[in-house]
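Here the structure is laid out as structure tokens; the discussion comes afterwards.
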Amino acid sequence: MTDDIILETRGLTKEFKGFIAVDRVDLKIRRGTIHALIGPNGAGKTTTFNLLTKFLPATSGTILFNGHDITRENAADVARRGIIRSFQISAVFPNLTVLENVRIALQRSLGTSFHFWKSESSLDTLNDRALALLERVDLRRFAQTHAGELAYGRKRTLEIATTLAMEPELMLLDEPTSGMGHEDVDLVKNLIKDVAKGRTVLMVEHNMGVVSGICDTITVLQRGAVLTEGPYAAVSTNPQVIEAYMGTAEAAHG
Amino acid sequence: MAAPDQYQPHASRDDAAEARYHRRAFLVMMVLFIGAPFVVYPVFVMKALCFALFACAFNLLLGFGGLLSFGHAMFLGMAGYAAAHAAKVWGLPPELAILAGSAASTVLGVVVGLLAIRRQGIYFAMITLALAQMVFFFCLQAPFTGGEDGIQSVPRGRFLGFLDLSNTMVLYYVVLAIFTAGFLLIYRIIHSPFGQVLKAIRENEPRAISLGYRTERYKLAAFVLSAGLAGLAGATKALVFQLASLTDVHWSMSGEVVLMTLLGGMGTIFGPVVGAFAIITMENYLAELGSWFTITQGAIFVVCVLAFRRGIIGELEAWLRKRRGG
């Protein structure tokens, strides 16, 4: 059933001057699932993300989104197709307000983004939708705050709200809980579970508590190549994975 | 549905207060400019107004687009030549000569922008500088620019057919009207849907791309708008001084506009105006210092960058905000 596969890579490879960061990776992301990409540091997780979202060109291999070859498209076009990513370090627009951050994502749909002669207040029609999205991530009361002044955890949730505003078919989250305290991690974990309804999520994540709790499928990368793939129960008992990764994961978890 | 206190911002930005402040400051500025020629030598104020518009156009690109061009003199100077040539050789009326000047800079802006926008930071600055140097040598060699002499005794003519620009006071208010129109257009650009995207790109370009914005197109649009408005300033200046010369395309002019913008406050609405007036005033009154003037200017630049990086208006606004908040 190819219809079930939203994103597929065939032999995806990235070489940096003789160093192979991503080595013939074949991924199949099933529609409507939460899929995690894990692996030790330097395994090529973020590079894979950059390849999928076209922030880096692939050396070889093919990327298919809904059966359509997107290997040669640029980053903005891939975003327009509905693949929206977040970044490992928080990616907000710090000197814009929280409301404006979300509105930037909604704004393109108005088709006035090049209208330099129009008043900013023409964007106010988007405020209700933006506030509703902020409500969903519990940031509504910060609507007029500069995004740069938010606490770290809230910046990450703002990012999720901005990503949601694009109504992405496929969300790519790069370590959504990194650098967070315990409470924030649970908050974001539940938020991801909530927003994943009706869409597909691919995430890079180090926190095994998050991965085991919400992910349907887990792909383990090691030195740029796929080590194994499966549900958490199978992956976590795989001796190869334990050797390569779980030692550090146990430490991170405990 | 939401309780009113939920709308109450936490550590908020007060849009209404900001708009009020901008309106008031704008009114004060207009009153000063309308009264200025009765107190100060009008040609001096006109010169400062032209540079103020130039700096505002530059600030649109640097302060709101995050792009540091080190070749903006080419737009000021090229528009000056085009306007002077249009008025003197083609005999166009002043309003059309000014439009011709702006149009020339806009076209130049498209060409330079297409080449420069592909690079960022220091590389962007270097490409604009290199292209500006090429424009400088073109202006030095091309027959229509008059080489070292420039285009002299440019006729001012009658603006829109009935405003006689040989009368200094009439000329002054026409220049003020052009400055005001340019200033308000820049204000609108900053506060438009386009301006929002531009600010987002300045803040975090990868994120803007990941939201589906083809950021190079927005940067190019900002570059072209900035070039055209810098051209408006250059064309007006050529009519005021009845002269288009190499001074305005020289690289030191590109440096001067950076200085004006930084001194006044990059990324603020009124900063470039204040910066331009401060620099032009210093030039006028410290001119007798000769080459020491350049050293004074350099010292001011260093002090500005080291001690008050936000510039005069930037520091003032930060202080006001703190006072209001605390």
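In this view, A:S121 and A:S119, A:D124 satisfy the side-chain contact (heavy atoms from CB on, under 4.5 Å) rule, not counting sequence neighbours.
Judged purely by atom type and a 3.5 angstrom limit, A:E175 has no side-chain atom pairing as donor or acceptor with the backbone of A:T177.
Smallest separation of non-hydrogen atoms from A:T71 and A:K54: O-NZ, 2.5 Å. Considering every non-hydrogen atom in both B:G264 and B:T268, the closest pair reads O-OG1, 4.4 Å.
Heavy-atom neighbours of chain A within the stretch residues 105-125 of chain B, taken at a separation under 4.5 angstrom, are nonexistent. For residues 199-213 of chain B, a heavy-atom distance under 4.5 Å to chain A picks out B:K199, B:A200, B:R202, B:E203, B:N204, B:P206, B:R207, B:A208, B:I209, B:S210, B:L211, B:G212, B:Y213, given by residue number. Listed in order of number, the residues of residues 220-233 of chain B that approach chain A to under 4.5 Å between heavy atoms are B:A221, B:L225.
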Margin query: Test ring-ring contact (aromatic ring centres under 6.0 Å, His included) on B:F270 and B:F183; report intermediate values, then the result.
Written below: CA-CA 9 Å; B:F270 298 97; B:F183 181 86; 5.6 Å; yes
Note to self: Evaluate B:H191 against B:Y187 for ring-ring contact (aromatic ring centres under 6.0 Å, His included), listing each step before the verdict.
What the structure shows: CA-CA 6 Å; B:H191 295 91; B:Y187 185 82; 4.2 Å; yes
Applying salt bridge (Lys or Arg N to Asp or Glu O under 4.0 Å) to B:K219 and B:E216, what does each step give before you reach the verdict? CA-CA 5 Å; B:K219 292 199 282 188; B:E216 1 36 273; over 6 Å; no
_Between A:E169 and A:R81, does the salt bridge (Lys or Arg N to Asp or Glu O under 4.0 Å) criterion hold? Intermediate values first, please._
CA-CA 8 Å; A:E169 239 186 298; A:R81 284 190 181 274; over 6 Å; no
- request: Step by step, work out the salt bridge (Lys or Arg N to Asp or Glu O under 4.0 Å) result for A:D77 and B:R214.
  value: CA-CA 8 Å; A:D77 291 334; B:R214 296 177 177 125; 2.5 Å; yes
Could you walk me through whether A:K45 and A:D174 pass salt bridge (Lys or Arg N to Asp or Glu O under 4.0 Å), step by step? CA-CA 9 Å; A:K45 305 180 296 286; A:D174 197 353; over 6 Å; no
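Proximity to chain B (any heavy atom under 4.5 Å) is shown, for A:T112, by both the backbone and the side chain. Looking at A:F114, both its backbone and its side chain come within 4.5 Å of chain B, counting heavy atoms on both sides. Residue contact with chain B, scored on non-hydrogen atoms closer than 4.5 Å, involves the side chain of A:L123 exclusively. A:R103 touches chain B through its side chain: at least one heavy atom from C-beta onward sits under 4.5 Å away, while N, CA, C and O do not. For A:V78, no part lies under 4.5 angstrom from a heavy atom of chain B.
Side-chain contact of A:T200 with A:H35: a donor-acceptor pair under 3.5 Å is absent, judged by distance alone. A:T46 and A:Q88 share a donor-acceptor pair across their side chains, judged by distance under 3.5 Å alone.
Taking the centre and axis of the six-membered ring of A:F16, the NZ or CZ atom of A:K14 falls inside the cone set by 45° and 6.0 Å. A cation-pi contact, defined as under 6.0 Å to the ring centre and within 45° of the axis, is absent between B:R321 and B:W319.
Between chain B and the options A:T53, A:N74, A:T162, heavy-atom pairs under 4.5 Å are most frequent for A:T162. Note on A:Q107, A:M166, A:E159: by heavy-atom pairs under 4.5 Å with chain B, the leading option is A:Q107. With respect to chain B, the highest number of heavy-atom pairs below 4.5 Å among A:R85, A:H115, A:R80 belongs to A:R80.
Residue A:E167 places its CD atom among 12 or fewer non-hydrogen atoms of other residues, nucleotides or ligands, all under 6.0 Å distant.
Of the residues listed (A:L131, A:L126, A:I104), the one engaging A:L99 in a side-chain contact (heavy atoms from CB on, under 4.5 Å) is A:L131, and it is the only one.
Taking the six-membered ring where tryptophan is involved, the planes of B:F58 and B:H72 are perpendicular, since the angle between them exceeds 60° and thus also 30°.
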